[in-house]
Every structure is written in structure tokens, then in C-alpha cells.
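Below: the structure, in C-alpha cells.
What's counted below: heavy atoms across the whole structure, side chains too, no hydrogens, waters or symmetry copies.
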Amino acid sequence: MQTAADAADAAALLAAVPAGRRVALVDPRFVGHVHALRLGLTDPRFPAATVPGALTAQPEARGALLRALHRTTAAVGAGAPVVEPDADPAPEDRTVPGRIAVALETEGTPVQRPALGSLVAAVPTDPAQQAAAEAGLASVDDEAVRLRNAVKAHDGFFTTYCISPYSRYIARWCARRGLTPNQVTTASLITALIAAGAAATGTRGGYIAAGILLLVSFVLDCADGQLARYSLQYSTMGAWLDATFDRAKEYAYYAGLAIGAVRGGSDDVWALALGAMVLQACRHVVDFSFNEANHDAVANTSPTAALSDKLDSVGWTVWARRMIVLPIGERWAMIAVLTALTTPRIVFYALLVGCSLAACYTTAGRLLRSLTRRADRTDRAARALADLADSGPLAQAVAKVAPGLPGTFTAPAVALLGTLVMIGGALFLPYGSLLTLAAAAVYVLLSGLAVARPLKGPLDWLVPPFFRAAEYVTILVLAARSDVPHAVPAAFGLVSAVAYHHYDTVYRIRGGTGAPPQWLVRTLGGHEGRTALVAVLAAVLTHTSGFTTALTALAVAVALVVLVESIRFWVSSSAPAVHDEGELA
């Protein structure tokens, strides 16, 4: 910490700081809570941030900061305003850091202004302001505010009322002992894997232990995000871990239940386990696609959205609608209790029924919003949907040579037709029949036609979910119909690996870095290539153990390629420094 005599001296001191370090300017008259300064000066997600009387800049914004400092000094010296009064985003902050923040924004560098709420951050200029600031400082416990704000604002009923009241204190305990969110996230994963192992024993004691451990894992899962918000420890690795471990934990637990059912009572529920995973993954891609399609859409005039906003003003309807969608807290609580008290088969039946009802509710609402909304979808949204579609070389080749089919609802209609043809062929045609290969060929053709034009229609967000359903369900059906030992567990592994690729794509897009590289999509074959390959394997290796071997080899190959590239990306400097807030679903 160094004290500058004036703005020119501050510029010289800033220039002397090594280029790779964050710097901050704080007015020496600053009066405020420590957590207000922490919010303004230590959050790693933003290149520049400010609170009244303080400004920080990360290395990438250092050059702009020095230029703004020189410009501000010159403007103040000449008696000219830094920016036109009408455009001033913070007219109450007349301090040097505040004026520099305005100059940074004028130049085009975004400056984060965190909401302080009841926290005090001020630079008093007279005794009355000083007294008011000190009174506000004394009346608010910033540690209580910090602890309260560590909890995510919009969460499910079970998480809000049964977990967060004490998990926030676990987060604070971890912070005071130097633990990081990544360590807590890893502990949550390990606990869930132990829970899966307990479920795999197939004993009642194992099931009870598994249910308890799954709830402990969820408590730690909540605590890691609360620790990140409490201590502002957001990181690139944290983004990757938090974004993927929830799915890994849940799907590993499904596998543990399936193994336990076979060991404990010779009840083969692998198809139910895979069905539950497929349903949950398809629910998520519906959420992701709809949100990306409407992320930056303009002119939202949907009466359905207006009705939803009106219902939000009635407290009980908010909680009811959050519980209806069976969010992760409610879902894991249900799984844990049913595991301890019933059988794996009942757990999966409950999951399939509950998630199906939730999927119908959320999808129906989004369909109504889309059909009643008058909005223009952007090129960015169309690109995101195309990336989520995961079209491989075959579909891309069809899209290049085929003319785009006209019509507002053509793309989802064609995608749905292709999905029905593929799933119907796998389900109803004679197993191993060449007609299944013909269905796969039709699916490839229709997949290319569906993405031949930019996905800007009101229902085009349905295209990626249709493709996910076609691929996952086809793998499930062909494995289940093969009557080959261990084919369905092998299919479970394959769908897990492919689903990881699709989740990885989502979180890259959310981070603003775009989809995975094209070479990865081409190497994996795209959704249509993998679907066609599994159909070919089923036809060539009909009712032989080679089908299980082929599915296993394909699962291992996909997992290796995807994991290596994903790890390389998320630990690289190009990955976004964010911490995922989690999904209700």
C-alpha cells in the first residue's frame, strides 16, 4: 500500500507496479465496511470494478486505467467534466477513483459496480456526511451481510429452508481455515462417490448409508458456492469443477444403485438408470437451449411471461413452481430418502415419473412463451443453438448442399421427424434389421436439413433437445433390445461420456468463449454420426458379446478425447473466471 500526493503521483506509482498484478485506487477519506471494499476490489471476475471512493483494475485493464487517469487529470485541471452530466453513471461519486471509473467506461472498458445494499461505502466531504457515514457503519453488521449474501438468491425450497440455514456457516468455517471452494467441491464429489459405493453393496445398511452420504454431499455442494461468494474466490478451475461435478455425482449414484440392485436382489434396473439419466440430460438441454435462444432477444411481448411475473408477486406460487420442476435439492432429497427406505427400482420409478411431470410443466410453459412472444433472435443466439445441436461431418455435409427449407417451424418439425424415425426404427423394427440402418440414414439426412438455415425461429430452441433425445434414446433402446450381457451398462457409460461433452459445450458457451473446437466435434462424429455408428454396430454384432465390447470401446474413446480437451481448456488462461451458480433443474 502506498500513498500518492496527487493524481500524477498516483499514475507514477501505478506504472511502477509489475504488469501482471491487480492494482487499486482508494480515496484516503474513504469510510465504509470492509466487505464493501472487498466486493469492489477483490472479485476476480471483472477487469475493473468500483465502489464509491475506490477502484480496481486487473492486468488486462491496467493500460486503460493509466490512460483514464491521465485524461481525468487533464480534464479536472482544465475545469472540464470527465463526461457529460446526463451520461454520468455515478454522479454522486466525485472522488478521483469515481471520475476515473467514468473515464474507463467512456473509453469502452466495462466497470463493475457491485450492489452494496445496506453496506456503507462513502467519501464524506463535510462533518454531517462524516457523521451519517459513521452512523451507517455502526448500525450494520457487515459480517452478517456477507454471510447472508453468500447464499444464492434464487434457490429451491429444500435448499433454501433445509440446507442453506446451516451450510453458510460451514462455508464460513472453511473460509476461516483457508479451504478453497475447489477443495469443498472435490470433497462433495468424493462423498457422493462413496455414497454410490455404499449403494452398490446392495444391502439395507448400505442403502441407508448411501442416502445419508448423498445428503452430506449436497450440503457440501451448496457450501462450495457459498464459500466462493463469501470469500470471492472465483476461478477457472472452480467453474469447470462446479459445472460438471453435479452431473458426475448424480449419474455415478444412479450406477451405484443399479449395481446394488443386481447384487442385492438380482434385479436388473440398468435400463431404468439409463432412462433416468437420459431424461435428466434432456431436461437440462431444454433449459440451456431455451435460455440461449432468448439470452439477448429483444422485444419480449409474451403475455405468458407477463403472467409469470405477476405470479412471482404472490410468494407461495414462487415456491410451488420451483418445487414442481423438481430442482436438484428436492430431487436429491427424494433419492436419498427413497434409497434408505425402499429399493433401487422404486427410486428410479419415482425419478422417471417426477422428472417426466417436471419436464412437461417446464416445456409447456416455454412453448407458450415462445409461441406468444414477438422477438427477434440474434446471430449469437442462432450460433449458440447450432453449437448445442452438435452436428457432425455428415449433417454438416447435408446442410451445405441442401437448400434451407422455408417456414417458421420447419427446423424443429424436421428435427422431430428425424428423431421419431430414429427412435421408432430402433424400437419397432426387427432388431439387427437393415431397415434400422435405413432409419439412421434418414435421420442423418433430416438432421442436416434441420440446421441448413440459421436457427432463429420461435421454436428452433427445440432442435438440440430433439437431437439429444434421438441419440440417447437410440443407444438405450438398441442396448436394451440386444439381449447381450452388460450391453446396457456399457451404453450407460457411452451416454455418460457423450453427455459430458454436451454439458461441457453448454458451460463454454455460458462463459462467453464459444463452443468446443470443430476438430473435437468432427472427431466425435457429431450426434448423427454416433447414432448411426451405434445402429451399424447393433446390425453387425447382433446378439453377440462383441456389441458390449464395441459400446465399451466407444465410450472409453469418447471419454478420453472429451476429458483431455475439456481439462486442457478449463485449466488454460483462456477459460472464463466464473463460478457457476447452479441450475434449479
Side-chain angles (χ1 to χ4, degrees), residues 155-156 158-159 163 184-200 207 209-225 240-261 269-288 325-340 344-356 358-359 468 472 476 489 491-504 506-507 559 580-585:
D155 226 329
F158 178 77
T159 304
I163 303 296
V184 178
T185 302
T186 303
S188 175
L189 173 67
I190 293 172
T191 304
L193 294 180
I194 295 173
Y207 289 150
I212 294 172
L213 288 170
L214 187 64
L215 289 177
V216 172
S217 174
F218 183 64
V219 171
L220 293 174
D221 183 56
C222 294
D224 71 347
W240 176 60
L241 295 178
D242 196 62
T244 56
F245 277 13
D246 277 354
R247 306 288 83 79
K249 289 181 286 189
E250 186 168 1
Y251 299 155
Y253 192 82
Y254 291 176
L257 283 175
I259 294 172
V269 296
W270 273 106
L272 294 177
L274 181 51
M277 182 171 71
V278 167
L279 178 56
Q280 192 58 32
C282 289
R283 282 186 65 199
H284 281 134
V285 78
V286 168
D287 295 341
F288 299 144
V325 301
L326 202 63
I328 186 170
E330 277 76 358
R331 189 168 68 251
W332 282 28
M334 180 185 74
I335 294 171
V337 171
L338 291 179
T339 298
R345 180 172 289 273
I346 293 176
V347 173
F348 288 125
Y349 282 155
L351 270 173
L352 289 169
V353 172
C355 290
S356 296
R468 292 299 81 74
Y472 298 166
L476 165 61
F492 189 98
L494 176 57
V495 173
S496 298
V498 174
Y500 177 88
H501 164 59
H502 291 144
Y503 282 116
D504 186 56
V506 166
Y507 290 112
D580 182 63
E581 291 294 321
E583 290 298 317
L584 278 179

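- Side chains of S217 and Y253: a donor-acceptor N/O pair is absent below 3.5 angstrom, by distance only.
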> Going through the distances and angles, do F288 and H502 end up as a side chain to side chain contact (heavy atoms under 4.5 Å, CB included)?
Replying inline: CA-CA 11 Å; F288 299 144; H502 291 144; over 6 Å; no
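- Taking CG of D246 as the start and OG1 of T185 as the end, the distance is 8.5 Å to the nearest 0.5 Å.
- Nearest heavy atom pair, residue T191 against residue L213, reads CG2-O, 3.4 Å.
- Rounded to the nearest 0.5 Å, atoms OH (Y472) and CG (L494) are 9.5 Å apart.
- With rounding to the nearest 0.5 angstrom, the CG atom of D221 is 10.0 Å from the CG atom of L189.
- Using the six-membered ring where Trp is involved, Y251 and Y254 have ring planes that are tilted, between 30° and 60° apart.
- In this structure, the side chain of R345 does not engage the main chain of L272 through any donor-acceptor pair within 3.5 Å.
- When all heavy atoms of S188 and L220 are compared, the pair lying nearest together is CB-CB, 3.7 Å.
- Separation of atoms OG1 (T244) and OH (Y500) is listed at 5.0 Å; rounding is to 0.5 Å.
- Checking side-chain atoms of H284 against main-chain N and O of Q280 turns up a donor-acceptor pair under 3.5 Å.
- Here the shortest heavy-atom pairing between Y207 and A261 reads OH-N, 3.7 Å.
- Side-chain contact between V219 and L215: absent, with no pair of heavy atoms (C-beta onward) separated by less than 4.5 Å.
- Note that CG of D224 is 9.0 Å distant from CG of L241, once rounded to the nearest 0.5 Å.
- R331 contributes a side-chain N or O that, together with a main-chain N or O of L326, makes up a donor-acceptor pair within less than 3.5 Å.
- Across F348 and A276, no two heavy atoms sit closer than the pair CD2-CB, 4.1 Å.
- Among all heavy-atom pairs drawn from L476 and G275, the shortest one is CD2-CA, 4.0 Å.
- Remark: I346 CD1 to T339 OG1 distance equals 11.0 Å, nearest 0.5 Å.
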>> Under the criterion side chain to side chain contact (heavy atoms under 4.5 Å, CB included), I'd like the reasoning laid out for V269 against L257: C-alpha separation, chi angles, the key distance, then a yes or no.
In response: CA-CA 8 Å; V269 296; L257 283 175; 5.9 Å; no
>> Show, in sequence, the C-alpha distance, side-chain angles and deciding distance for Y503 and V285, and conclude whether the side chain to side chain contact (heavy atoms under 4.5 Å, CB included) test is met.
In response: CA-CA 8 Å; Y503 282 116; V285 78; over 6 Å; no
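- Smallest separation of non-hydrogen atoms from L279 and L351: CD2-O, 4.5 Å.
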>> Let's go through C282 and V278 carefully: what are the C-alpha distance in whole Å and the side-chain angles of both, what is the deciding distance for side chain to side chain contact (heavy atoms under 4.5 Å, CB included) to 0.1 Å, and is it a yes or a no?
In response: CA-CA 6 Å; C282 289; V278 167; 4.1 Å; yes
